[in-house]
Amino acid sequence: MVQRVQTIFLLLTSVFYFSYWLFGLEWYERGYPVIIDIFNESEYINTVLITISFIPLIITGISFVSIFVFKNRKLQMKLTQLGFRLSLVMSLFTIFYFYNCLSYLKELMPSKFLELLMYAAIVNPFLCCYLLFLALKYIKRDNELINSLDRIR
């Protein structure tokens, strides 16, 4: 389990998304007024924003669970693919969110260090997408190796 490289990729994804959710939730909520103004205070936008705020936590759980189902490679691949797709959604939302809220959030930042962390939060979903892609690639490689060994017997 631990000696496989995809375990490291999945663990890093879990840690990155959990920290993204834990430390960024307060700043994410501070950008709500800007997004709500864009949609002319639609009644459903608040529900959508709250739902999207929990996607990093869901990806964290999926990545962490897929570490421990290493004996069932098909399930591990499906979970990793689901995490990858959710991470793509999160990446697209990050582009939309920070495109509209970046200048507003920069004004609220009390220090340059927090501003640097905000820029790291912009890169985080893209980095996690890449890590999940690599994990999926290595899981598939392991699956092909095991299947080729089964054919020889």
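Heavy atoms only: backbone and side chains are in, while hydrogens, waters and symmetry mates are out.
- Heavy-atom minimum distance, L79 versus V65: CD1-CG1, 3.9 Å.
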Q | side chain to side chain contact (heavy atoms under 4.5 Å, CB included) between T94 and Y20, worked out | A | CA-CA 12 Å; T94 299; Y20 182 78; 3.4 Å; yes

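- Using a 4.5 Å cut-off between side-chain heavy atoms of Ile, Leu, Val, Met, Phe, Trp and Tyr, with links allowed through other members, F23 and I55 fall into the same hydrophobic cluster.
- Chaining together hydrophobic side chains whose heavy atoms lie under 4.5 Å apart places F126 alongside I95.
- Looking at R73 and D142, no side-chain N of the basic residue comes within less than 4.0 Å of a carboxylate O on the acidic one, giving no salt bridge.
- Under the 4.5 Å side-chain criterion, counting only non-hydrogen atoms from C-beta, T60 is not in contact with W21.
- Annotation for Y130: atom OH does not count as buried by contact number, only 12 or fewer foreign heavy atoms lying within 6.0 Å.
- Rounded to the nearest 0.5 angstrom, L132 CG and L88 CG are separated by 9.0 Å.
- Follow the hydrophobic side-chain contacts under 4.5 Å out from L86 and you never reach L92; the two are in separate clusters.
- Within the 4.5 Å cutoff, side-chain heavy atoms of M77 are placed close to those of N143.
- Of the inter-residue distances, the one linking I139 atom CD1 with S66 atom OG reads 6.0 Å to the nearest 0.5 angstrom.
- Separating the CG atom in L131 from the CG atom in N124 is a distance of 9.0 Å, to the nearest 0.5 Å.
- Separating the CZ atom in F9 from the CG atom in L12 is a distance of 8.0 Å, to the nearest 0.5 Å.
- Enclosure of atom CZ in F98 by more than 12 non-hydrogen atoms of other residues, nucleotides or ligands within 6.0 angstrom is indicated.
- Side-chain atoms of T80 do not come within 3.5 Å of backbone N or O of L136 as any donor-acceptor pair.
- For the atom pair OH (Y99) and CZ (F93), the distance works out to 15.5 Å, reported to the nearest 0.5 Å.
- Under the 4.5 Å side-chain heavy-atom criterion for Ile, Leu, Val, Met, Phe, Trp and Tyr, M118 and V123 are members of distinct hydrophobic clusters.
- Between R4 and F70 the shortest heavy-atom distance is NH1-CB, 2.9 Å.
- Between the side chains of Y17 and S87, at least one donor-acceptor pair of N or O atoms lies under 3.5 Å.
- In terms of heavy-atom proximity, A135 sits nearest to Q6 at O-CB, 3.7 Å.
- Taken from CZ in F64 to OG1 in T13, the straight-line distance is 13.0 Å, to the nearest 0.5 Å.
- Partners of S91 according to the side-chain hydrogen bond (donor to acceptor under 3.5 Å, both in side chains) rule, which considers only residues two or more places apart in sequence or in another chain, do not exist here.
- Under a hydrophobic-cluster definition in which Ile, Leu, Val, Met, Phe, Trp and Tyr are linked whenever side-chain heavy atoms come within less than 4.5 Å, directly or via other members, L116 and F16 are assigned to different clusters.
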